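Only a predicted model underlies this, so the values are computations on that prediction, with no experimental measurement involved. The first residue in the sequence is number 1, and the count goes up from there.
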Amino acid sequence: FQLGGAYRSTGNFNSALENYEEILKIDENYTPAYRLIGTLINFNQNKKYLNKLKKLKNNNNLIPNKKVDLYFALGKAYEDLNEKENSAYYYIQANKTKKTITKYNFNIHKEHLKQIYEIFKNFNFHNKRFKLKNDKKIIFICGLPRTGSTLIENIISSHKEVYSGGELPYLKRSVKKFFVEDNKLNKNKILNNLNDQSELFTNEYLNSLSKHNFLEKFITDKSVENFRFMGFINLFFSDSKIILCKRNCKATALSIYKNNFNSSYNDWTNDPNDIINYFKLYNEIISLWKKMFKNKIFEIEYETLISNPENKIREIIDCCELDWDPNCLLFYENKIPIKTASAVQARRPIYSSSVQPDKTLINKIFKDTDLMDF
C-alpha cells in the first residue's frame, strides 16, 4: 500500500494501480486500495472494480474506518457514472461515518482562530519586525484545501532555482513550541521574542528546512494551514513571499467534502455545516491579514489561472522575484513527489472541467447550509 502511494506521488500511476491490485488479490476487503484506485481511474471506463464495491457494501463485518474508504470510493464511482443521486448518498455516508469516528467539535477550531484574530487585530506590525539573517528565500503557499495550492507549488517548483518543500509541519511546530502556553497563544511571548530579537524561533524553523539539504535559493512551504500564521510570517520572515490560493467557494466546499483527509486538523471537512462555519472564520482572518499587510499577499484565483494560464504563471513567477523559466509552463512534467489529494490532477496540463462545480451534488449535500449565500 505504501509502495503504491509512493508510485502515485511520483506520477507513476500504472505501477501504483498494479500495487493496489496486488493488495486486492491478498485481501479483497482492503477498502483504502479501492479509494485510491478511484483517484486513478474513471469507473465509467473500467467497471470491474464497481462490481466488487457493490458486493463489498453488503459486508456487515467492515469496521467503520474501512466503511469510510468504501463509501468514498462508491461516491467517486457513481459520480463517474453520472448517477448523482447515488454519488451524493455515498459521499454523505462516508463523511457521516468518519465524523462518528473523529467525534469532531467545531468549537476547537473556533476558539483557536478567534484567539489568533484577537491577538493580532491591533498588532503594530510596522515597528516589530524581526531582522532575519538567511540567504534562502521562503515561498509560503496558503489557503483553504482544494483551491489549487498543489498546482501552484508544482508550477513554482518547476523553476530551476526553487526546491519543493511540500506540506511542511515546521512552522506550526515552532509556533507551538515558543508561543503557546496552556494550549493558548501567549502574546507576551511573541512580543518578548521580538523585543529581544531572539533567534530561537526563526532558527528552529530554518534548521528544520535545512535538513532537506537543498541547494536551490528558494524553497516552498505549502502547508495551506499556515494562513493562520501569516501574522508570524510577516513578523519573523518578512522577506518571504506569501501566495494565497482562492477558488469559487461552492467548488471548494464540494471538493473538500469529496476527499478523505488524513490530518486531524481537517476533521472539520466531514460536515457541511462545519465546512461553512470554517469558511466564515477563514474569511474573517484573511480579511484581517489583508487589512494589516495586503501588499505582502499575492492572491491567485484558480479560475483565472485556468482561463489565462501563461499570463498568470508569469505573474506568479514575477511575484516570487524569480527570473522567468519556461519550465514553469511545463509544470505537469515536474517529477517531484506530490503527496496531497491532488497528486493526479497536478500532473495534467491545465484543464477546465473542475471550474464549474456539479450543481446536483451541491444541492444534495449542502441544501441545508448557508453555502448558497456565499
Side-chain angles (χ1 to χ4, degrees), residues 1-102 146 150 166-167 255-264 266-267 269-270 332-348 353-354 361:
F1 186 72
Q2 295 298 331
L3 182 58
Y7 280 129
R8 182 176 176 273
S9 72
T10 52
N12 192 340
F13 302 132
N14 289 333
S15 294
L17 194 57
E18 288 172 5
N19 276 270
Y20 296 140
E21 287 178 336
E22 284 296 315
I23 291 169
L24 297 179
K25 290 177 183 176
I26 300 167
D27 179 5
E28 64 180 6
N29 296 335
Y30 194 74
T31 58
Y34 287 105
R35 180 173 62 83
L36 290 177
I37 285 171
T39 68
L40 298 172
I41 69 166
N42 186 316
F43 283 94
N44 196 33
Q45 300 167 358
N46 190 336
K47 292 187 172 62
K48 69 175 181 179
Y49 300 105
L50 181 61
N51 293 328
K52 293 181 179 180
L53 286 170
K54 287 179 177 178
K55 178 181 176 183
L56 198 55
K57 72 181 180 182
N58 297 318
N59 185 336
N60 296 321
N61 296 320
L62 291 179
I63 62 173
N65 277 323
K66 284 194 172 183
K67 286 183 179 178
V68 170
D69 284 313
L70 170 64
Y71 294 149
F72 272 114
L74 281 165
K76 169 60 163 56
Y78 284 116
E79 186 177 7
D80 286 348
L81 294 168
N82 205 32
E83 296 183 27
K84 302 300 173 62
E85 294 272 348
N86 283 330
S87 177
Y89 173 81
Y90 283 108
Y91 280 135
I92 291 169
Q93 292 306 307
N95 283 282
K96 281 185 174 179
T97 305
K98 187 167 182 182
K99 190 168 182 179
T100 64
I101 298 169
T102 65
R146 311 300 297 161
T150 300
E167 295 186 321
S255 187
I256 284 171
Y257 195 76
K258 286 161 48 177
N259 279 275
N260 187 12
F261 294 93
N262 294 322
S263 169
S264 61
N266 288 323
D267 286 346
T269 62
N270 301 121
Y332 46 87
E333 296 180 358
N334 195 337
K335 300 302 182 184
I336 62 162
I338 299 175
K339 301 175 184 178
T340 70
S342 302
V344 177
Q345 296 97 318
R347 296 200 185 279
R348 293 170 57 188
S353 59
S354 60
L361 290 180

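Here the NZ-CD distance, from Lys96 to Gln93, works out to 6.0 Å after rounding to the nearest 0.5 Å. Here the straight-line distance linking atom CD1 of Ile101 with atom OG1 of Thr97 works out to 7.0 Å at 0.5 Å rounding. Atom CG of Asn86 sits about 9.0 Å away from atom CG of Leu74, to the nearest 0.5 Å. Taken from OH in Tyr34 to CG in Leu70, the straight-line distance is 9.0 Å, to the nearest 0.5 Å. How far CG of Leu53 is from OG1 of Thr31: 9.5 Å, rounded to the nearest 0.5 Å.
A donor-acceptor pair under 3.5 Å is absent between the side-chain atoms of Lys98 and the main chain of Thr269, judged by distance alone. A donor-acceptor distance shorter than 3.5 angstrom exists from the side chain of Asn19 to the backbone of Ser15, with no hydrogens or angles considered. Under a 3.5 Å cut-off, the side chain of Tyr71 and the backbone N or O of Lys57 do not form any donor-acceptor pair. In this structure, Thr10 contributes its side chain and Ala6 its backbone to a donor-acceptor pair below 3.5 Å.
Between Asn29 and Asn61 the shortest side-chain heavy-atom distance does not fall below 4.5 Å. Annotation: side chain of Arg35 is not in contact with side chain of Val68 (no heavy-atom distance under 4.5 Å). Side-chain contact between Phe261 and Arg146 is present, with at least one heavy-atom pair separated by less than 4.5 Å. Tyr257 places none of its side-chain heavy atoms less than 4.5 Å from the side chain of Leu361. A 4.5 Å side-chain heavy-atom check between Tyr20 and Arg8 finds at least one atom pair inside the cut-off. Asn59 has its side chain out of reach of Lys66: every pair of non-hydrogen atoms, C-beta onward, lies at least 4.5 Å apart. For the pair Asn42 and Asn46, the minimum side-chain heavy-atom distance is 4.5 Å or more. Using a 4.5 Å heavy-atom threshold, the side chains of Leu56 and Leu62 count as touching.
Minimum interatomic distance between Lys76 and Phe43 (heavy atoms only, all atoms of both residues): CG-CE1, 4.0 Å. Of all the heavy atoms in Asn44 and Asp80, the pair that sits closest is CB-O, 3.6 Å. Taking every heavy atom of both residues into account, Tyr91 and Asn95 meet most closely at O-ND2, 2.8 Å. The shortest non-hydrogen separation linking Gly4 to Ala16 is O-CB, 3.4 Å. The nearest pair of heavy atoms linking Glu79 to Lys84 is O-CE, 4.1 Å.
Phe1 and Tyr30 have their aromatic ring centers within a separation under 6.0 angstrom.
When the options Ile23, Leu17, Leu24 are evaluated for a side chain to side chain contact (heavy atoms under 4.5 Å, CB included) with Glu21, the one that passes is Leu17.
Other residues, nucleotides and ligands contribute more than 12 heavy atoms inside 6.0 Å of the CZ atom of Phe13. Environment of NZ in Lys47: crowded, with over 12 heavy atoms of neighbouring residues, nucleotides or ligands closer than 6.0 Å.
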